[in-house]
Structure formats: C-alpha cells, structure tokens
Protein chains: 2
Amino acid sequence: MSGRGRVPSGQPTIADVARHAGVAVSTVSYVLSGKRAISELTRNRVLASIRLLGYHPNAGARALASRRANVIALVLPLRSGIQVPVVMQFATAVVTSARRHDHDVLLLTSDEGPAGLHRIAAGALVDGLLVMDVELHDGRVPLLRTLGRPSVLIGLPAESRGLTCVDLDFHRAGQVCVEHLVTHGHRRVALLGAPAAVYDRGTGFAHRTRAGVLAAAARHRVDAVALPCEENAAEVHRRVVDLFARHPDTTGLVVQNEAAVGPVQAALAALGRRIPHDVSVVAVCPDQFAEHASPRLTRVPVPAEDIGRQAVSLLMRKLGDEPTPEVTLLPPRLTVGDSTAAVATAG
Amino acid sequence: MSGRGRVPSGQPTIADVARHAGVAVSTVSYVLSGKRAISELTRNRVLASIRLLGYHPNAGARALASRRANVIALVLPLRSGIQVPVVMQFATAVVTSARRHDHDVLLLTSDEGPAGLHRIAAGALVDGLLVMDVELHDGRVPLLRTLGRPSVLIGLPAESRGLTCVDLDFHRAGQVCVEHLVTHGHRRVALLGAPAAVYDRGTGFAHRTRAGVLAAAARHRVDAVALPCEENAAEVHRRVVDLFARHPDTTGLVVQNEAAVGPVQAALAALGRRIPHDVSVVAVCPDQFAEHASPRLTRVPVPAEDIGRQAVSLLMRKLGDEPTPEVTLLPPRLTVGDSTAAVATAG
DNA sequence: ATCCGTCGTCGAAGCGCTTCGACACTCGGC
DNA sequence: GCCGAGTGTCGAAGCGCTTCGACGACGGAT
C-alpha cells in the first residue's frame, strides 16, 4: 500500500495538463514560456487542456526551478509626515505596471529594518526591489548594494553612483514655480514646504525643491524665504500669519504640502488677502488635488503614475541585465490655474 | 565533466549548512521549524553555522515542499472616493501584523479583476486573502468562495454567511454620535457622509453609519437628514450652505469624511456659525486626524490598527484550520473633544 | 539516393526544501 | 539482563516546475 503519499493539492499540475493533452510535461512548459518553437496544432491542444482543467502554474515550483519569483518588493518606510495620497498613487502605479510585466508586488514597510530586506532578497522571495521615500543620506543605500539583487530608488540620494534612481526633477520644479511668479512681477516669494521632520531627516524631494526655489530666487534677484510647514490647520495658520507679519510685501507663495493647501487658503482669507489678487499661490502636489481645489491651483503636478511606471520598467530592465541610467529625472510641467496672477501695481 | 551543471545561485543552501554543521539536511530543517526535538548541542551548532554562512531559506523551495507560501494577499480596490489615509493605515497595520506571524504581504489592486485573484490563489502564491473596501453586494464574495483559500474581509457585506468579516461597528458608531448629540440637547442633526459614489456602489461602512444615525435619531425622536458629501471644498461649502438654508435649526453635525472636515469648518465659519457654540460637530475618522484638528474634534475613531491586526490574526487562525467567528465588529468608542457642547438655550 | 540543418517533441535531471519512516541509542522497570 | 518507550538523527522521496541534451522527421541541397 503506497505508504508515503501526501495528499495531492487538488489543483491540477503541469503533469495533468500534459497527460490530458497527450504531450510531454516539457512541451506544456514551452507552450507557456514560448522559449522553444511549438507547432500551432500542439499549442492549441495544450492551451485547450489548460483552460479546461483550469490550470495555474504553481508559483513556488516555478520560482524554484527558474530562479525567478516574478515578484518585486515595494519598500515603503511610512514615516511621519509623508504625503499619504502621493505614496498611495505611487503604490498603485507600481502594482499596475508590475502586472503588465507579469510580476506581482510584495509590500514591505521598514519597521522590520535592514533584516527584512535581507530576508526577502536572500530568500529569493523577490527578484528586485523598489525603494520609496529616499533620504539624501539613506541608510538603505549601502544595504542595497550588498543585497545582490537589482533595485530602483524612487527619489534621489546625495550619492547616486552605481544606483538607479527615478524622480520628478524637484529642483527644477522649485525653479519653475519661482520663474512663473517672477514672470508675473512678483518680487518677494515664500516656500511653504514639507513638515520640519521631513527636512530634518533629509528627505530628498523636500530639500531639492527648496534648493530650486532659492536658486531661482537668487538668480532673478527676488527675495525668498523657505519655511517648513506642518499639516494641521492651526500650525499653518500661525506660520502664514507670522510670514506676513515679517514680510508683508510677500505676494508669491509656493506650497509643497498638499495637506497644507486648504489651511493656507483659509489663513490668507482670514488675513484679508485674496487669491490671486493679493497673493499668488503655486502648488507642488498631485494633479487631481490641485484641480479640485478652488480656485483651481496653478501647480507643478507630481506625476506619480509616470514615475511609478518608469521605476518598474527600469527595474525590469535591470532584471534582464540590461544597462540603465543612474538618474532619471522627469521634467516638471507647470499647469496654470486660477491661483496666480500678475502682481497688483502698487497703490 | 559534469555536463548539465547550471550555475549555483551563490546563496548558501540548507545542504551547505548541514555540511558545515556536520549534520543531515533534515536536522537543519527541524532546527528551523521546531517540528521535532533536537538536542541543545546540535541545535546550537546548526544555528551557529546558519549565522556564519548567512543562510536564508529559499522561499520558493519552502513553499513548494511545505505547500505554504507564508504570504497573504491584501486586496485593495483603490476606487474613487476611498479615504486614502485610512486605507494606508490598514495596509501598514496588516503588513506589521503579518510579519509578526511570519508572513509577508502581496499587494493586489483589483484592476486585474477576478482573474487576478484566481491566478494568485490557484498558483499558490499566497495562502490566504485579506479583502478591503467591501461593498454590501460585493462581486468578489462569491468569487472568494470558489478560490479554495481562506479569506477575511475588512468590511461587512449584506450576506456574511460562511465568511469571516472584521470591521468597526459603524452602525453603532452612527448611533453613538447621535446619542452624544442628543445628550447635549440637540434636536436636529445632520450626517455629512461619504461621497455619493461611495453610497452608490453600496460600500458597507457608509451605509451602516447612515443607518445607525437615522435609527438613533428616530428612536430619540430628533430630526435627522443624511447627505452625501464630496471631498472638495467648493462642493462641501455648497452642501453646508444648502443644509442650513433648509434646516436653519440644525445644531448637530456628524461628519464621516475626513477630507470634508476642514471645508465643513470653513463653511460654518463663513455662515457665522461657531463650533461648538452654535453647531456641534462629531467626526467618524482616524484618531490622529481628529486630534490635530482645531478645535480638537469630538470623534469616534476608526481603529485601523486594531482592525488590521484582528483581520490578520483571524486569517492566521483560518490558515491553521481553526474555526473563526463570521462577524467581528469592534465596538466604537466616542472621544470627547472641543467640537461639541450643549445646545445653546434659545435666545 | 545521401547528407545536413531545422523543427518539434520528449525524457530526465535538478531547483532547495519538508516530512515520513527507519534506526540507533539511552534509560527506567522488572 | 532484557524489554519497551521514548529521544535524537538520518536518508530518501517527493513538491511542481524549467531547462538541457537528445532524437526522430522532414525538406532542400548535393
């Protein structure tokens, strides 16, 4: 009496398909992978059997034999102050793009620390990693180099040699905002940026935007201040009041914090400054958000979808051992809304 | 001349560990799984070798041999109008809890449709599924029954027989809000709920909250209206103005839409109605959010963390073939803030 | 007719792990 | 001194798939 026999899983296996189609197991495999020529006739017979039996290849077996899990990791730190909706947009773009490349996405937060990345990578649970919310001096960067698996960063650390990074060109975005304001005659502008904690830990996009704003202001010889900006209404209110107390002649605002946009508008209203008559506002934020605000904001959208797609396709290229550029910065595009106007001619 | 020899992966295998420790492969396996007794001495020797070699078990091989991937799927539809931050909170709670149970999380959006769920489940990529944003008549529910893998719903469909569901008791939450207002003497209340689209597709939590609000109002014989509520400021403003035009004697507001809270406050301010002197506001939303609003809101927090943890632990129980309750509803707790007060005695 | 190159298919050897039965041992009870 | 019941360890058989080499069959060139 057989003896060992573990119970069969219930799911049909490739052997079942082969038997049903009257071909060898390897033939079924080649039909599925397309790695060898198979006659039209055989292919159709096999495909019919597959459909009939409801066959789905076993992921574990496939990963084991092919040394490819067809899964990529999405590493999301989920720190305080991150812009949740933007992150979510990235995540969905990544999942969707990955599926187009026949890969699935494993979600990793960082609270397991470096050990988590090791476990995942060394255990061959994933073929490659996508790392989000990158800091200028990110501790994960050296780690990535030791993992022995391809990775792509969404964001740009200070030192990008040997890496593959994708992001919006936030430096340029900051410049573009200021230039737009300058073109409209504004001579004193302010950046209301990310929460202080985000700058403190050296998050790339915040620093780069600030640098861009300040650089453009300097070049055009306009006065500029950059302020961090928390996300709750009371804080924002205080900031704005304070800003206009110190610099009453401020007429241009760059806001890089979608959560702060509403409160900023409210605060300006409370100060009796109208948008755009008295103060022009440019936002760096997801497009949807800016579009539904009222007035419709002049903005530099963060193209989360594009970036996510790019990131995935770069990672796929690396998985296929193709060379990839170290840094891919998407050019910012400024969309004019109703929140900016020429500066009012002095009384 | 070996011949076949594929290149070795580079990662040490269990065989390497066994050789290094001078034991059999199976012994290493038992040290790792604890499924058979191993002497202290041997265990330590093996563990030392593991650490020394930097061994991590290959996930695919393990999944194949044990028929357990140690991965669960998190199914997020990501439809319009979902409350992104809440969803994100769930997601991170799920990932964290899953790790505690030695599982990883595969992120699935629904844009691949039912086929995606089949692929994942039949291919044994995951051991079980966690399904979020459940509608009253969710098309995925019958599907889940056919997958042959355990699943847990975060949310509550109309028909929950044979399922396992976890959620906040939103019906009770609605009641609690109204009761709080009634206790403070309010006689006309309104619910500003989720966006219309959310009700239209029959999302459970929105309907259940509305039902709870209306039921409590009826029982306490106070007047109540329930309005859907979009997320952009202009819409909200119109709604609120309209509400008070029709029912100027409204003094209690239940808001179940964190994105709308700010605009609601602004609209009330614009109408010259102060919180809480003229109008009391109770929010159903994540705690963090309510806590940082000003005034600090009276709220029924959505305990995303708890729910996520519960969901995972129920799923783990199902994976272990233990019985689970069909419906687990967490009791709502109302936290008093500064946005509600006794109704002003009529002038 | 013969030879060679292609095409389509097959069989078998793993991939790295878990798990089952077998097989020493040791130890207490009689 | 022997038996039986644990203990601790080993060997081997898969898990379901991919991939490599082999090998007929066929067709065009010689």
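By convention in this document, chain letters (A, B, ...) are assigned in the order of the sequence lines, proteins followed by strands, and residues within each chain are numbered from 1.
Atom CZ of A/Arg67 is separated from atom P of D/dC20 by 12 Å (rounded to the nearest Å). The nearest whole Å value for the distance from the OH atom in A/Tyr55 to the C1' atom in D/dG16 is 7 Å. Atom CZ in B/Arg19 sits roughly 12 Å away from atom P in C/dC17 (whole-Å rounding). Taking atom CD1 on B/Ile14 and atom P on D/dG11, their separation rounds to 14 Å, with Å as the unit. When rounded to the nearest whole Å, the span between CG of A/Leu64 and P of C/dA13 equals 17 Å. A/Asn58 has its CG atom 17 Å from the P atom of D/dG14, to the nearest Å. A/Asn70 places its CG atom 19 Å from the P atom of D/dG16, with the value rounded to the nearest Å.
Both B/Thr27 and B/Gly60 lie near DNA chain C, and the one whose nearest nucleotide falls closer to the 5' end is B/Gly60.
Of the residues in residues 28-37 of chain A, those lying under 4.0 Å from DNA chain D by heavy-atom distance are A/Ser29, A/Tyr30, A/Lys35, A/Arg36.
Across every non-hydrogen atom of B/Ala98 and B/Val105, the tightest pair is CB-CG2, 3.7 Å.
A sub-4.0 Å separation between OP1 or OP2 of C/dT19 and a side-chain N or O of B/Ser26 is absent. Between D/dT9 and B/Ser39, a contact under 4.0 Å exists linking OP1 or OP2 to a side-chain N or O. Applying the 4.0 Å criterion to OP1 and OP2 of D/dT18, one finds that A/Arg62 has a side-chain N or O inside that range.
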inquiry  = Could you go through A/Arg119 and A/Glu112, starting from their C-alpha distance and side-chain angles, then the distance that decides it, and tell me whether this counts as salt bridge (Lys or Arg N to Asp or Glu O under 4.0 Å)?
reply    = CA-CA 10 Å; A/Arg119 186 176 55 81; A/Glu112 205 182 341; 3.0 Å; yes

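Residues that satisfy the side chain to side chain contact (heavy atoms under 4.5 Å, CB included) test with B/Arg45, not counting sequence neighbours, are B/Val23, B/Thr42. Annotation: side chain to side chain contact (heavy atoms under 4.5 Å, CB included) contacts of B/Arg309 (sequence neighbours excluded): B/Ser97, B/Glu305, B/Asp306.
Proximity of a side-chain donor or acceptor of A/Glu326 to a complementary backbone N or O of A/Gly162 within less than 3.5 Å is detected.
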